[in-house]
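Note: hydrogens, waters and symmetry copies are ignored here, and every other heavy atom, side chains too, is used. The first residue of the sequence shown is numbered 1, and numbering continues consecutively from there.
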Amino acid sequence: AMHILSGEELERETQGDLQLGDTDGGDVAEISASAPLLKKYKETLAGFVGGAQEFCTRRGITYVLVNHQTPVKDLVSTYLRGRGLIR
């Protein structure tokens, strides 16, 4: 399972007033991102990613967290090399 997240989702550091857009539904939310809110976001994201990874692991599914900017050819070659399928 490849879990694809954007760099902004993985490394959110921006504080202040922000507009967050849902790329799927088009909804927009305005928030004020403070240090405590960013901390809670990171904790929630870590729990979500950990839960997805645990779900896959229990079922014998390989879980890979991917930044959406990672080129597919790099992702595939790293995955195949890591499993000894190519050199």
Problem set entry | Residue pairs, two or more places apart or on separate chains, that pass ring pair (Phe, Tyr, Trp, His ring centres under 6.0 Å) and touch residues 34-56 | His3-Phe48

Seminar exercise, completed: Sequence neighbours excluded, the answer for side-chain hydrogen bond (donor to acceptor under 3.5 Å, both in side chains) partners of Arg59 is none

Problem set entry | Sequence-distant partners of Lys42, salt bridge (Lys or Arg N to Asp or Glu O under 4.0 Å), two or more places apart | Glu13

For this session: Please name all residues satisfying side-chain hydrogen bond (donor to acceptor under 3.5 Å, both in side chains) with Glu43, sequence neighbours left out, ordered by chain then number.
Result: none

Problem set entry | Nearest-0.5 Å distance that lies between atom CE in Met2 and atom OG1 in Thr62 | 9.5 Å

Exercise. For Glu9, which residues count as a salt bridge (Lys or Arg N to Asp or Glu O under 4.0 Å) partner, sequence neighbours excluded?
Worked result: none

For this session: Not counting sequence neighbours, which residues clear side-chain hydrogen bond (donor to acceptor under 3.5 Å, both in side chains) with Asp17? List them please.
Result: Ser32

Exercise. With Ser34, which residues qualify under side-chain contact (heavy atoms from CB on, under 4.5 Å), at least two apart?
Worked result: Pro36, Leu37

For this session: With sequence neighbours excluded, tell me which residues meet side-chain hydrogen bond (donor to acceptor under 3.5 Å, both in side chains) with Glu11.
Result: none

Identify each donor-acceptor pair in which a side-chain atom of residues 64-73 lies under 3.5 Å from a protein atom, sequence neighbours left out, and give them as a table.
unit_1 : atom_1 : unit_2 : atom_2 : d
Asn67  : OD1    : Gln69  : N      : 2.8
Thr70  : OG1    : Asn67  : O      : 3.1

